[in-house]
Amino acid sequence: MDVLIRYGFSIEEIQNMMDTNILIHTISDKDIAKLLELLNQEGCSRNEIKNITITNPFYFNQSDESIIHLFSTLRKIGFHSLKYLIDMNPYLLNLKSEDILSIYQEMKKKGVQDKEILDYIQYQYLV
């Protein structure tokens, strides 16, 4: 949890995240730092990263490889600015790349237009 404190999270914010995601204490600082850096690489500010991870502390349960693959898939299907997408809907970070691709392909088969598919993915997974 030291990495979260150094990043600027308050003890109360960390405690709230731990209350929501009881597995967070088992995740290494190194893995948490990698996941924070992935959001930073997408152009998210410190405040946006804090908001994303406080809203969705289950993000830390993901591996950096799965998030990299998820980001790649989201770009491949047509999302260009992932920063805004994940800031608006942090729960997308809980999905697997394969799930997104499957949804996209199924909707394409049904004749749904790309923009409608992207809108569906963007808004469907709001809690």
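Because the structure is a prediction, the values reported are computed rather than measured.
- Among residues two or more places apart in sequence or in another chain, the salt bridge (Lys or Arg N to Asp or Glu O under 4.0 Å) test is passed with R75 by E42.
- N56 places no side-chain N or O within donor-acceptor distance of the main-chain N or O of I52, the cut-off being under 3.5 Å.
- Note that CE of M17 is 10.0 Å distant from OG1 of T55, once rounded to the nearest 0.5 Å.
- Judged by distance alone, the side chain of T73 and the main-chain N or O of H69 form a donor-acceptor pair under 3.5 Å.
- For the atom pair CG of L101 and NZ of K108, the computed distance is 12.5 Å after rounding to the nearest 0.5 Å.
- Contact record, C44 with K83: SG-CG, 4.0 Å, taken as the closest heavy-atom pair.
- Partner Y59 forms a side-chain contact (heavy atoms from CB on, under 4.5 Å) with one of I24, I86, L93 and no other, that one being L93.
- Counting only heavy atoms from C-beta outward, the side chains of L39 and T53 approach each other to under 4.5 Å.
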Can I103 and L95 be said to form a side chain to side chain contact (heavy atoms under 4.5 Å, CB included), step by step?
CA-CA 11 Å; I103 291 166; L95 297 175; 5.5 Å; no

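- Hydrophobic cluster membership differs between L92 and Y84, with clusters built from Ile, Leu, Val, Met, Phe, Trp and Tyr side chains linked at under 4.5 angstrom.
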Begin with the C-alpha distance, continue with both residues' side-chain angles, and end with the deciding distance and a verdict on side chain to side chain contact (heavy atoms under 4.5 Å, CB included) for N89 and Q122.
CA-CA 7 Å; N89 187 354; Q122 183 171 350; 5.6 Å; no

Working for salt bridge (charged side-chain N to carboxylate O under 4.0 Å, His left out), residues K34 and E37:
CA-CA 5 Å; K34 286 180 189 177; E37 180 56 28; over 6 Å; no

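- The OG atom of S102 lies 15.0 Å from the NZ atom of K96; values are rounded to the nearest 0.5 Å.
- Linking Ile, Leu, Val, Met, Phe, Trp and Tyr whenever their side-chain heavy atoms come within less than 4.5 Å puts I5 and F9 in one cluster.
- The cluster map of Ile, Leu, Val, Met, Phe, Trp and Tyr, joined by side-chain heavy atoms under 4.5 Å apart, puts F58 and I100 in different clusters.
- If you take CD1 on I77 and CD on Q105, they are separated by 9.5 Å, rounding to the nearest 0.5 Å.
- Linking Ile, Leu, Val, Met, Phe, Trp and Tyr residues whenever their side-chain heavy atoms come within less than 4.5 Å places L36 and I11 in a single cluster.
- Rounding to the nearest 0.5 angstrom, the gap separating the CG atom in D19 from the CD1 atom in I14 is 12.0 Å.
- In this structure, R46 and N40 have side chains that are not in contact, with every pair of non-hydrogen atoms separated by 4.5 Å or more.
- Remark: K30 engages no residue in a salt bridge (Lys or Arg N to Asp or Glu O under 4.0 Å) (not counting sequence neighbours).
- Rounded to the nearest 0.5 Å, atoms CD1 (I67) and CG (L35) are 6.5 Å apart.
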Step by step, work out the side chain to side chain contact (heavy atoms under 4.5 Å, CB included) result for Y104 and V112.
CA-CA 9 Å; Y104 180 82; V112 180; over 6 Å; no

Would you check, one step at a time, whether the test side chain to side chain contact (heavy atoms under 4.5 Å, CB included) holds for Y7 with I32?
CA-CA 11 Å; Y7 201 80; I32 289 173; over 6 Å; no

